[in-house]
Amino acid sequence: MDTRIEQRLQDPPRVLMLPADEAILLGLPVLMGLLGKQVITGVIVAVTLWMIWKRIKGDTGLEGVAAAAYWFLPTGFGLLKELPDASVDLWEA
């Protein structure tokens, strides 16, 4: 029985040598371009979105995007409702 042990557990899942979020970001516009018979437009949109996403994500990755969303979005926004308010500096019991 062969057991595979991952060496770096914090690495993101990869699709065709790209992180999964970038592969999805590139794949969806190209797929929509293929379905709409506008392949060149789909490729241009995909590359543009990919470049913007790489700039937003920067060196910190998805963790940095999540941290920025936590600090800069309003408290009642979507999935962040369950998290404590970021403006509270001291919690007292």
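Applying the salt bridge (charged side-chain N to carboxylate O under 4.0 Å, His left out) criterion to K54, with sequence neighbours excluded, gives E22.
V30 and M51 fall within a single hydrophobic cluster, where Ile, Leu, Val, Met, Phe, Trp and Tyr are joined by side-chain heavy atoms under 4.5 Å apart, directly or via other members. A chain of hydrophobic side-chain contacts below 4.5 Å, direct or via other Ile, Leu, Val, Met, Phe, Trp or Tyr residues, connects V39 to V47.
Closest of all the heavy-atom pairs between M17 and R14 is O-NH1, 3.3 Å. Between P29 and V45, the shortest heavy-atom distance links the atoms CB-CG1, 4.1 Å.
In this structure, L25 CG and I52 CD1 are separated by 9.0 Å, a value rounded to the nearest 0.5 Å. The CD1 atom of I24 sits 12.0 Å away from atom CG of L31, with the distance rounded to the nearest 0.5 Å.
By the 6.0 Å contact criterion, CD1 on I40 is open, its count of non-hydrogen atoms from other residues, nucleotides or ligands being 12 or less.
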Verdict with reasoning, W53 to V65, per side-chain contact (heavy atoms from CB on, under 4.5 Å): CA-CA 10 Å; W53 180 246; V65 174; 4.2 Å; yes
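Side-chain contact between D21 and K57 is present, with heavy atoms from C-beta onward closer than 4.5 Å.
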